[in-house]
Protein chains: 2
Amino acid sequence: MSIDPPGFELPLRLFLGFRVLIDDLHAELARQGHPHSRPMHGFVLQAIGVEGTTAVDLGRTLGVSKQAAGKTIDTLERLGYVERARDARDTRRKIVRLTPAGVDLLTRSARIFDDLRARWAEVIGPERLRELEADLRRVTPADVFRLDVPGWFGAS
Amino acid sequence: MSIDPPGFELPLRLFLGFRVLIDDLHAELARQGHPHSRPMHGFVLQAIGVEGTTAVDLGRTLGVSKQAAGKTIDTLERLGYVERARDARDTRRKIVRLTPAGVDLLTRSARIFDDLRARWAEVIGPERLRELEADLRRVTPADVFRLDVPGWFGAS
DNA sequence: CTTAATAGTGAACCAGGTTGTCTATCGTGT
DNA sequence: ACACGATAGACAACCTGGTTCACTATTAAG
């Protein structure tokens, strides 16, 4: 490689760590009956939450337009992970709620993430893993959503 | 948040760490005369390397089709970071090479990444940072390119 | 009660990925 | 020597998912 400073490895390793976790998660989710689940879905379902939300709010949470949020909801609805219901108080709004399949996906994801974390603890040791998480917490912002990964990384 | 296991934080922190580094890099690059540089560009320029490459090879390196690589090269060419030259040995091939602007972008990125890493070292301590990198190396694959981030995270 | 703000939707557009097709050129085997 | 398969690049069509603009329906406020 031409230009390979020490600082160049750090972002790569962080991303690869993220990616390997997400890939392992979805391989396991596919085995557990969610073959069509995509990386974005879990995050969106998490952002929707058990309380439900609306397209506008979801867009705000994820940092995308309400139209983009609406399209994502369409996809999740088609996959059976969410459903839309009219709000009696405000007939403009449509509440987006998790279906049992959506809750199942979130529940399994949670357990699988715990398992993957345990595997990391076996490799690098539980203490080092706790330190790694603590260190990352100190150098990253608190705001957890607003990933807006698709688009953000784009080359345009 | 509804479902918030310990294992759920780890991938988020990894991604946020990656993202905060990349965002800071591009904020600084914009200040240093590269306002149109996007996250993907640095990785692609790195993959092209000072030796140059072809669309087919670049596609192989990045894990995308040769057509997609060609489109990315079009963009970088339009921005003035690479240029295409005919290969005298094989007139089918077009060698993609970094322009001085492309080399400048890579050089500055390298220095800025080093600076950002130094800032992390100030926050969490140099020893902890080395441990963090060593630990990540043990849980991530060696293959550094093939990010194929756009698309991989998609919600389709 | 008029008017401004908000929720959702559709259309047009853009970026960037895919596959399929096509031409030009290279390289090899007979 | 030459035919033929493999390769490089480009073009088109299509898909996804993002954007903005425009529009309707409904709520909230002056």
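Sequence lines set the chain letters: A, B, ... in the order given, protein chains first and strands last, and positions in each chain run from 1. Scope of the values below: all heavy atoms of this structure, side chains included, with no hydrogens, waters or symmetry mates.
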Participant: Do the side chains of Asp115(B) and Arg119(B) get close enough for a salt bridge, i.e. N-O under 4.0 angstrom?
Facilitator: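 No salt bridge links Asp115(B) with Arg119(B).
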Participant: Show every salt bridge (charged side-chain N to carboxylate O under 4.0 Å, His left out) that has at least one partner inside residues 47-58 of chain A, sequence neighbours left out.
Facilitator: Asp57(A)-Arg60(A)
Participant: What integer distance in Å separates His41(B):NE2 from dA15(C):C1'?
Facilitator: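 To the nearest whole Å, that distance equals 11 Å.
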Participant: Run the salt-bridge test on Glu133(B) and Arg117(B) with the 4.0 Å N-O cut-off and return the result as yes or no.
Facilitator: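 Salt bridge present between Glu133(B) and Arg117(B).
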Participant: Look at the side-chain N and O atoms of Thr72(B) and state whether any lies under 4.0 Å from the OP1 or OP2 oxygen of dA15(C).
Facilitator: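 Result: no.
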Participant: Name the orientation class of the two ring planes belonging to Phe113(A) and Phe8(B) (parallel below 30°, tilted from 30 to 60°, perpendicular beyond 60°).
Facilitator: perpendicular
Participant: How many Å lie between CD1 on Ile73(B) and C1' on dA10(D), as a whole number?
Facilitator: 12 Å
Participant: How many Å lie between CZ on Arg38(B) and P on dC14(C), as a whole number?
Facilitator: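 Interatomic distance, CZ of Arg38(B) to P of dC14(C): 17 Å.
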Participant: Looking only at side-chain N and O atoms, does Ser65(A) come under 4.0 Å of OP1 or OP2 in dT19(D)?
Facilitator: yes
Participant: Would you say the side-chain atoms of Tyr81(A) and His36(A) include a donor-acceptor pair closer than 3.5 Å?
Facilitator: no
Participant: I'd like to compare against my own output: the B/S/- annotation of nucleotides 4-12 of chain C with a strict under-4.0 Å heavy-atom distance to protein.
Facilitator: -BBBBBB--
Participant: In whole angstrom, give the distance that lies between atom CG of Leu62(A) and atom P of dG18(D).
Facilitator: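 One finds 9 Å between P of dG18(D) and CG of Leu62(A), rounded.
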Participant: Do Arg84(A) and Glu77(A) sit within salt-bridge range, that is, some charged N less than 4.0 Å from a carboxylate O?
Facilitator: yes
Participant: Is the shortest side-chain N/O distance from Thr91(B) to OP1 or OP2 of dC26(C) below 4.0 Å?
Facilitator: yes
